[in-house]
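The structure under discussion appears below in the form of structure tokens.
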There are 2 protein chains.
Amino acid sequence: MSPAATAPQPPSGPRAARKRQAIVTAARTLFLREGFGVGMDAIAAEAGVSKVTVYNHFGSKEALFTAVIAGALDHPSSGPGGGEDSAAPLARLAEAADGDGDGELRTAFMDAARAWVHAVRDDREVAALRTLVSAELHRFPELGEAWRHDSPTGHHPVVAGALRTLTERGRLDIPDLEVATLQLYALLVHPHMVFGQYGAVMDDDLTERLLVSGVDMFLAQYAAGA
Amino acid sequence: MSPAATAPQPPSGPRAARKRQAIVTAARTLFLREGFGVGMDAIAAEAGVSKVTVYNHFGSKEALFTAVIAGALDHPSSGPGGGEDSAAPLARLAEAADGDGDGELRTAFMDAARAWVHAVRDDREVAALRTLVSAELHRFPELGEAWRHDSPTGHHPVVAGALRTLTERGRLDIPDLEVATLQLYALLVHPHMVFGQYGAVMDDDLTERLLVSGVDMFLAQYAAGA
DNA sequence: CCAACTGAACTGAACGGTTGAGTTCAATTG
DNA sequence: CAATTGAACTCAACCGTTCAGTTCAGTTGG
């Protein structure tokens, strides 16, 4: 009964870091493929690691799960609405629209939208993450909170910021930034998110038609001098 | 080993029908609240029925689950994209727009859209159904097929039909019906579906602003003579 | 430069306790 | 007489733990 003998500190060192990474990767793979119901033995086997090691690093299945989701929130190409990185093309939009030409704003929007849409449509991993989190929301309420934080809610900081910048520069005329941001999401990425929820993927032709029409619709409403 | 002794026919009769209904109802309630992981004992208890009776009617947990989902597809206020009944307001839209006034089409659209949007936003049961099905897609592939059938895919027969009718009557000018249908879904209901996936509900004020702006945006693009 | 040593991290396999799916059966009910 | 009940039962999966022995990174001593 030594005083500090029962301190359950996770292992440290270079080897531990590698193992830990392998565990998280394996857990993400299996959680995304099979859901939370997958066994810890399977995860340990997939990671090429003993089950005891898993429990030395993460104390429980719940802790491992939250670590996986938290890691996915930081990692590139993640986030509920497509994530920070997926929306990055939209961030560059404000810079790309420096020209004064009529069609330049439209072209910049098209390019940014295309990159954004394809990132959302083709990233099956993020789609699986959304499904997984929403399915386990009742078991991990605090996780839904963090997930919701940078999500379709009023935030979308990147997209909203780009639209605000373009408004301040006089390129767009947006009376309700919150609504306009939601509409841009709705016209471009929401259909792909809804499709993806059932494992369906929109074909290239329809994707392109929807994209072009969506950008034109948005600009017809909000381009300055319309 | 009597020849026909092992025939697993489900019970019949008026009593059996009542029990069966109670089981399906209880199963739907618990599946929606707790997910597929809920125990059969809990379902039997919720239905006020012995577990043996459950297994006499449905042979397995999977069979019970598919029966619940299949029943939800027929039952009112269901379907992936809000369902047939949720989209019913849109079906009546074509009839309501008989007047020739300028604002009448817009008013009819607003009313139909409001009913539709509120049906989708406030029906937490359908949201839970979507989450449940997408979460268990890997376990029930054939179910995802049926679910997808009357879903956000190219179908939307009701909405697309209403838009086609309005186009034929010269009230709308829609070059690409498939795209326009998707956009109407996107502008009006997709944001609520995405919100609902994380248990979030859009507040009334934002809901109304988004709705009005969405209808105006759609009509600005597709109203005849624009 | 290298062998021996050290201690933390890891392994493999087994085990305890629990949960849950599905079955059996005698008794009961409508 | 078919349907239902309640309770006990089997069987498998799974979470988490224990333990005896092994690997590995780094340090010491020659």
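Here is how names work: the chains are called A, B, and so on, in the same order as the sequence lines, proteins then strands, and each is numbered from 1.
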Measure from CZ on Phe58(B) to C1' on dT23(C) and round the result to the nearest Å.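 Whole-Å distance recorded here is 19 Å.
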Could you tell me the separation between the CG atom of Asn56(B) and the C1' atom of dT23(C), rounded to a whole number of Å? 11 Å
If you take any heavy atom closer than 4.0 Å to DNA chain C, which residues from residues 41-55 of chain A end up in contact?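 By residue number: Gly48(A), Val49(A), Ser50(A), Val52(A), Thr53(A).
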What parts of residues 23-34 of chain B reach DNA chain C, counting only heavy atoms under 4.0 Å away? none
Run the salt bridge (charged side-chain N to carboxylate O under 4.0 Å, His left out) test against [X] and tell me which residues pass, sequence neighbours left out.
| X | value |
| --- | --- |
| Glu46(B) | none |
| Asp41(B) | Lys51(B) |
| Asp204(A) | Arg121(A) |
| Arg114(B) | Asp111(B), Glu208(B) |

Scan for salt bridge (charged side-chain N to carboxylate O under 4.0 Å, His left out) pairs involving [range], sequence neighbours excluded, and state none if there are none.
| range | value |
| --- | --- |
| residues 189-202 of chain A | none |
| residues 135-144 of chain B | Glu136(B)-Arg139(B) |
| residues 13-26 of chain A | none |

With nearest nucleotides of DNA chain D determined for Arg20(B) and Lys61(A) from heavy-atom distances, which residue corresponds to the more 5′ nucleotide?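 Nearer the 5' end of the strand: Arg20(B).
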Contacts of Asp203(A) meeting side chain to side chain donor-acceptor pair (under 3.5 Å) (sequence neighbours excluded), chain-then-number -> none
Atom pair NE2 (His192(A)) and CG (Asp123(A)), whose distance is rounded to the nearest 0.5 Å: 13.5 Å
Look at His57(A) and dC10(C) and indicate whether a side-chain polar atom (N or O) is within less than 4.0 Å of OP1 or OP2.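 Yes, because at least one side-chain N or O of His57(A) sits under 4.0 Å from OP1 or OP2 of dC10(C).
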How would you give the extent of chain A contacts on DNA chain D, as first and last nucleotide 5' to 3' within a 4.0 Å heavy-atom cut-off?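 Both ends considered, the range comes out as dC15(D) to dA25(D).
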Any side-chain hydrogen bond (donor to acceptor under 3.5 Å, both in side chains) pairs touching residues 57-73 of chain B, not counting sequence neighbours? none
